[in-house]
Amino acid sequence: MTLLKGYNLSGYFRLSLVLIIFLLATNSVKAQGNLQIMPKRVVFETGKRFQELNLSNIGHDSAKYVISFINYRMKENGEFEEITSPEEGQNFADKYLRIFPRTITLGPNEAQSIKLQTIRTSDLPAGEYRSYLYFRAVPNLTPLGDTKSKADTAKNISIKLIPLFGLSIPAIIRVGETNSNISISDISLDSTNSAPKLKITFNRTGNSSVYGHLFIKYIAPDGTERQVGVAKGLAIYTPNKKRYFTLELEQNKEIDYHKGKLKIIFSTPDEEKQVTIAESALALK
C-alpha cells in the first residue's frame, strides 16, 4: 500500500494534502520518491518475533526517510481511510512493534535493511493485530530568507511547493489461534459496454484477514479454458465481513460472454504452490 503525502508550502503558509494509492500486484512496493521495499507486507505468526525488510533507493539522488506507524480501516469497496481508534473487532499492532532504525539515509542505488520486533505480545488475546509501516521522505529544505524572489520584493506571499512522498505497507501480528473462511457470492457480469465487468462479493468469517490472488477463467461450450482476468494481492481485512469487487475482463472477439461459463478462483499468493481459498462459477447467457 502506498501513501503519498502531498505538499508542504513554504513561505507564510504550510499545508499538507493526502492521497492514498494502493499497490497490491507486485512483490515490491515503489513510489515516486524512488524508494523500493521488499517484502510488501509483514506478517508475524505465533512465535515469530523478528522480521527484516530491505529498502532500496533506485533514484539518482540521496534520500532520507523517517519510519513510523499509521492506521487504516478498509471500507467494503476496498478503499482505505486513516483512523486513530480501531473499529469494533479491529486491533492495532503499533503498540506491539518496534522498528530499528527509524531513520535511514540512502545514497543512489544504495540498499539497507531495517528490522521489526514484536514486544509485549505474550498476554494478548488471540486474534489479529494490524497497523501500517509508513516510510516518509524528508525533503532537503532551503531555509527561508536564503533566497530572494521578486514576489518577496513586492511584499507578496511567496509559495514554494515541495512534494513529500511516502509509502505504507501492512504489518500484521497473529496471536494464538486464528482462522478465516472466505466464500464468493452475488456474481454478475455487465457486458453492455465495450469492456465486460465482473462483479463479485467476498464474504469473510473468522478472526483473521485473508490475502490472495483472484483468477477468472472463461470456459467455452466446448470445454476450452482461457484466463480472462486476474487481480493479485487482494485482501479482505478484519473486521470487514464483506468486500465488493469489480474486475474488468479481457475483451476478445473469440470470447462470447453470452455462452459457456466463468470460473472464479481465489487462491493463496504462493506462486509455486497455490492453494484455492474459495471458488465459484457463473453460467453465461
Side-chain angles (χ1 to χ4, degrees), residues 1-2 21-29 38-43 45 74-80 128 130 169-170 172 174 177-285:
M1 180 191 74
T2 302
I21 304 172
F22 290 91
L23 303 179
L24 299 173
T26 60
N27 290 326
S28 62
V29 182
M38 296 182 66
K40 66 179 180 293
R41 63 197 307 268
V42 180
V43 180
E45 301 289 353
M74 173 182 267
K75 299 180 181 180
E76 288 187 339
N77 64 359
E79 294 179 357
F80 284 78
E128 183 177 282
R130 174 172 48 91
I169 65 172
I172 296 171
R174 290 184 178 139
E177 184 176 346
T178 58
N179 61 83
S180 61
N181 290 288
I182 287 288
S183 63
I184 297 171
S185 65
D186 303 319
I187 308 168
S188 64
L189 181 67
D190 182 2
S191 56
T192 55
N193 297 320
S194 56
K197 294 181 179 180
L198 181 69
K199 296 182 179 181
I200 61 178
T201 299
F202 290 95
N203 307 282
R204 187 197 64 82
T205 60
N207 63 350
S208 66
S209 301
V210 179
Y211 178 83
H213 298 337
L214 177 66
F215 300 96
I216 311 299
K217 294 183 179 181
Y218 170 73
I219 303 177
D222 63 1
T224 305
E225 289 191 11
R226 175 177 182 150
Q227 184 167 292
V228 293
V230 60
K232 292 189 174 182
L234 187 64
I236 304 97
Y237 287 119
T238 57
N240 292 41
K241 301 298 183 183
K242 292 182 180 293
R243 178 171 176 182
Y244 305 111
F245 190 75
T246 300
L247 181 64
E248 189 173 295
L249 303 183
E250 177 187 347
Q251 184 184 13
N252 192 302
K253 63 181 181 180
E254 297 179 1
I255 301 174
D256 186 351
Y257 284 108
H258 297 283
K259 298 179 181 179
K261 66 178 180 179
L262 292 176
K263 189 175 182 181
I264 299 99
I265 303 169
F266 185 57
S267 67
T268 57
D270 189 343
E271 299 293 345
E272 295 182 359
K273 188 179 180 181
Q274 291 181 337
V275 177
T276 298
I277 301 173
E279 184 176 330
S280 190
L282 174 67
L284 300 174
K285 56 184 179 179

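Position 1 is the first residue of the sequence, and the numbers go up from there.
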Spacing of CZ belonging to Phe266 relative to CD1 belonging to Ile236, to within rounding of 0.5 Å: 4.0 Å
Test log, rule side chain to side chain contact (heavy atoms under 4.5 Å, CB included), inputs Leu262 and Ile187: CA-CA 10 Å; Leu262 292 176; Ile187 308 168; over 6 Å; no
Value rounded to 0.5 Å, distance of NE2 in His213 from NZ in Lys232: 5.0 Å
Worked check of side chain to side chain contact (heavy atoms under 4.5 Å, CB included) between Leu284 and Lys259: CA-CA 5 Å; Leu284 300 174; Lys259 298 179 181 179; 5.8 Å; no
Non-hydrogen atoms of Lys261 and Ala283 that approach each other most closely: CB-CA, 4.0 Å
Point-to-point distance, once rounded to the nearest 0.5 Å, from CZ of Arg226 to CD of Glu254: 5.5 Å
Closest non-hydrogen atom pair, Glu248 against Ala195: CD-CB, 3.5 Å
Residues that Arg204 engages under side-chain hydrogen bond (donor to acceptor under 3.5 Å, both in side chains), provided they are two or more places apart: none
Between Asp270 and Thr268, a side-chain donor and acceptor under 3.5 Å: no
Results of side-chain hydrogen bond (donor to acceptor under 3.5 Å, both in side chains) for Ser209 - residues two or more places apart only: Glu128
Min side-chain heavy-atom separation Ile169-Arg41 under 4.5 Å: no
Side chain proximity check, Leu198 to Leu282, heavy atoms < 4.5 angstrom: yes
Check against side chain to side chain contact (heavy atoms under 4.5 Å, CB included), Asn240 and Phe202: CA-CA 10 Å; Asn240 292 41; Phe202 290 95; over 6 Å; no
Residues, nucleotides or ligands: over 12 heavy atoms within 6.0 Å of Lys241 NZ: yes
Distance in Å, Ile265 CD1 paired with Gln274 CD, rounded so as to fall on 0.5 Å steps: 9.0 Å
Residue pair Phe215 / Thr276, side-chain heavy-atom distance below 4.5 Å: no
Distance (rounded to the nearest 0.5 Å) between Ile277 CD1 and Ile184 CD1: 9.5 Å
Test log, rule side chain to side chain contact (heavy atoms under 4.5 Å, CB included), inputs Val43 and Tyr211: CA-CA 11 Å; Val43 180; Tyr211 178 83; over 6 Å; no
Minimum heavy-atom distance between Asn207 and Asn179, given as atom pair plus value: OD1-N, 2.8 Å
ring-ring contact (aromatic ring centres under 6.0 Å, His included) partners of residues 177-198, not counting sequence neighbours, each pair once: none
Shortest non-hydrogen separation from Ser208 to Arg174 and the atoms involved: CB-NE, 4.0 Å
Atom of Glu76, atom of Lys242 and distance for their closest heavy-atom approach: CG-O, 3.8 Å
Rounded distance [0.5 Å steps], NZ in Lys263 versus CD in Glu225: 5.5 Å
Any donor-acceptor N/O pair, Tyr218 side chain to Gly229 backbone, under 3.5 Å: no
Any donor-acceptor pair under 3.5 Å from Asp190 side chain to Thr192 backbone: yes
Nearest heavy atoms of Tyr237 and Met74, plus distance in Å: CD1-CE, 3.6 Å
